[in-house]
2 protein chains.
Amino acid sequence: MVTARRIPVATVARLPLYLRALDELALERIATISSDELAGRAGVNGAQVRKDLSHLGSYGTRGVGYDVAYLVREINRQLGLSENQRVAIVGAGNLGQALARYGGFPARGFEVVAAFDTDPAKIGSRFGSTVVQPVSEMATVIADEKVSVALITVPAAAAQSAVDAAVAGGVRSILNFAPTTVSVPATVALRHVDLGIELQILSFYTRRADETVAAAGPE
Amino acid sequence: MVTARRIPVATVARLPLYLRALDELALERIATISSDELAGRAGVNGAQVRKDLSHLGSYGTRGVGYDVAYLVREINRQLGLSENQRVAIVGAGNLGQALARYGGFPARGFEVVAAFDTDPAKIGSRFGSTVVQPVSEMATVIADEKVSVALITVPAAAAQSAVDAAVAGGVRSILNFAPTTVSVPATVALRHVDLGIELQILSFYTRRADETVAAAGPE
DNA sequence: CCATGTGAAAGCGTTCACAGCG
DNA sequence: CGCTGTGAACGCTTTCACATGG
C-alpha cells in the first residue's frame with residue numbers, strides 16, 4: 001500500500017465516479033466486484049481502478065475483488081461526505097433556480113439552506129425550501145447558517161465580488177458557474193463549470209473528426 | 001513552430017479560456033497582449049500560454065506580444081467556431097429549461113433548434129424559441145434540422161437510450177449532464193458535466209484543508 | 001532591450017506485466 | 001487459480017531557461 005495520505009488529484013477526481021458505480025451495484029444487491037468490472041461501469045481501465053483504490057489502502061481481497069459496501073464507506077469517508085454539507089446559491093437566475101430544484105443534491109448530502117440575489121424583485125421569493133435574500137446580507141447569513149459551499153450563478157461581472165462575500169462569510173469551497181476566472185485564498189477550494197467552454201472543446205473534436213474522415217488521415 | 005496539426009488535449013481545453021480573456025481585452029480596446037498578461041487573466045502560467053499558442057503557429061511578435069484580434073480569429077478557427085452550430089436539448093426538466101434560456105449560447109454561436117421529452121404534458125409546450133417534441137421523433141428531427149450537438153438532461157436511467165437516438169440522428173458531439181456513464185461510437189465527441197461529482201471533489205479538498213492548514217488546491 | 005518560441009528537464013498520470021496472496 | 005497490489009516503463013504536461021529576432 002502507498003503511504004495513504006496524499007492522494008493524487010487525478011485519483012480524487014475519479015473517486016466520485018467509482019462511488020456512483022458502487023451505489024448502483026449496491027442497489028443490484030451485488031456484494032463484491034473485481035477491478036475490471038468496476039472499471040467497465042466507471043468507463044476507465046482496470047489497472048487504474050486498482051492503483052486508485054490502493055491509495056486509500058488495501059481494501060480488496062486477492063482472488064475475489066472488493067467488498068462493495070465497505071468501499072462505499074471508505075470512499076465516502078475520504079471525500080468527507082459522511083456528514084451533510086450546507087450549500088448557498090448565489091444568483092437566483094435561471095441556472096440558480098434549476099440548481100435549487102435539482103434532486104441530486106439531497107441524495108448526496110448537500111442541503112441548500114440559503115439563496116441570494118441583488119434584484120429587489122427576486123428578494124423574498126421562495127426558492128426551493130428557502131427564500132431569496134439580498135446579497136448585502138450574504139457574509140452574515142453564510143456565517144450564521146454555517147454554509148460551507150457556495151454555488152456562484154451570477155453574471156460574469158458580479159462573480160468576483162460574490163466570491164469575495166462568500167469567502168468573507170467563511171465558505172470552505174466554491175463552485176463557479178460564471179464564465180470568468182475568479183480568485184480565492186489558498187484555504188478555499190475552487191472549481192469551475194462553464195457550459196460554453198465545454199461546448200467549445202467539443203467543437204474542436206467534432207471538427208477534427210470531419211477532417212480525419214475527409215482526409216482519411218493518419219493515426 | 002511545431003508542425004501545427006496535432007494540438008495536445010490539454011492545450012485544446014485551455015484555448016476557450018484564452019478566448020474568453022481575449023474577448024474581454026477586445027472590449028477594453030486593448031490591441032496587443034503579452035503572454036504573461038494573458039496568463040494572468042486566464043489564471044495560468046506564462047510559459048504555458050506561449051507553448052499552447054505555439055501549437056497554433058507563430059502568431060506573436062517578439063518584444064511586443066500577441067495581436068488580440070488576430071489571436072481571437074485563429075483560436076475561433078481552430079475550435080471550429082467560425083460557423084454556427086445547431087443544438088438540441090434532450091430532456092425538458094429544470095436543467096433543460098435553464099439551458100434553453102441561458103444567454104451564453106447564442107453569443108458563442110450555439111443555437112438551440114430543438115428540444116425533446118417523453119412526458120406528454122410537456123410535449124408541445126414552448127421551450128425558448130422552439131417547442132418540445134416527443135423523444136420518439138428525435139432521430140428524424142435531429143437529422144432534418146441538421147443538429148450537430150445534443151445536450152442530455154434526462155434522468156440517469158434514460159441517458160444511454162437518449163444518447164443512442166441522438167447518435168442515430170447524426171449528432172457529432174454530446175454533452176452529458178445525466179449522472180451516469182454513457183458510451184458513444186468513436187466518431188462522436190463526448191463530455192460530461194456532473195454537478196454532484198464536482199461537489200464531491202470540492203468536498204475532499206475542503207476536508208483536507210481542515211486537517212492540514214496548508215493545502216494545495218485542486219485544478 | 002523585451003517578449004516570443006522552444007529545446008531540455010522535471011513532474012505527473014496511465015498502462016503494463018507480474019509477483020504474491022487469499 | 002484468480003485477482004489484487006505495485007514496481008517499472010511509457011507518454012503526456014508543465015515548467016525552466018535562454019537563444020532568437022523584431
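Each chain gets a letter, A, B and so on, in the order its sequence line appears, and its residues count up from 1. Being a predicted model, the structure only gives us computed values, none of them experimental.
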Ignoring hydrogens and geometry, is there a side-chain-to-backbone donor-acceptor pair from B:Thr61 to B:Val64 under 3.5 Å? no
Test side-chain contact (heavy atoms from CB on, under 4.5 Å) applied to B:Asn84 - qualifying residues, sequence neighbours left out: B:Glu111
For A:Phe177, give me all partners under ring pair (Phe, Tyr, Trp, His ring centres under 6.0 Å), at least two apart in sequence or on another chain. none
Quickly work out the A:Asp67 CG to D:dT4 C1' distance and round it to whole Å. 15 Å
Interatomic distance where CG belongs to A:Leu71 and C1' belongs to D:dG5 [whole Å]: 14 Å
DNA chain C: 5'-proximal contact among A:Arg62 and B:Asp36 (nearest heavy atom): B:Asp36
Nearest-Å distance, CZ (B:Arg6) to C1' (D:dC12)? 12 Å
Check the phosphate of D:dG22 against B:Tyr66, side-chain N and O only, distance under 4.0 Å to OP1 or OP2. Yes or no? no
In whole Å, I'd like the distance from the NE2 atom of B:His55 to the P atom of D:dC12. 12 Å
Assess, by modelled atom type and distance only, whether the side chains of A:Arg50 and A:Ser35 contain a donor and an acceptor separated by less than 3.5 Å. yes
Extract all donor-acceptor atom pairs below 3.5 Å that involve side chains of residues 191-202 of chain B and protein atoms in other chains or at least two apart in sequence.
| residue | atom | partner | partner atom | Å |
| --- | --- | --- | --- | --- |
| B:Arg191 | NE | A:Glu198 | OE1 | 2.5 |
| B:Arg191 | NH2 | A:Glu198 | OE1 | 3.2 |
| B:His192 | ND1 | B:Asn176 | ND2 | 3.3 |
| B:Asp194 | OD1 | B:Gly196 | N | 2.9 |
| B:Asp194 | OD1 | B:Ile197 | N | 3.1 |
| B:Asp194 | OD2 | A:Arg20 | NH1 | 2.6 |
| B:Glu198 | OE1 | A:Arg191 | NE | 2.5 |
| B:Glu198 | OE1 | A:Arg191 | NH2 | 3.3 |
| B:Gln200 | NE2 | B:Gly196 | O | 3.4 |

Just N and O in the side chain of B:Ser35: are any of them under 4.0 Å from OP1 or OP2 of C:dA3? no
Hey, is the side chain of B:Arg14 poking within less than 4.0 Å of OP1 or OP2 on D:dT14, counting only N and O atoms? yes
Residue-level proximity of residues 17-30 of chain B to DNA chain C when a heavy atom falls under 4.0 Å: none
Tell me every residue that passes side-chain hydrogen bond (donor to acceptor under 3.5 Å, both in side chains) with A:Tyr70, counting only those two or more places apart in sequence or in another chain. none
A:Tyr18 and A:Asp52 side chains, donor-acceptor separation under 3.5 Å: yes
Which atom names give the shortest non-hydrogen contact between A:Val147 and A:Val87, and what distance separates them? CG1-C, 4.0 Å
Answer yes when B:Asp23 and B:Arg108 have at least one side-chain N-carboxylate O distance shorter than 4.0 Å, and no when they do not. yes
Mind calculating the distance between CD1 (A:Ile7) and P (C:dG13) to the nearest angstrom? 13 Å
Counting only non-hydrogen atoms, which of residues 38-53 of chain B are less than 4.0 Å from DNA chain C? B:Arg50, B:Lys51
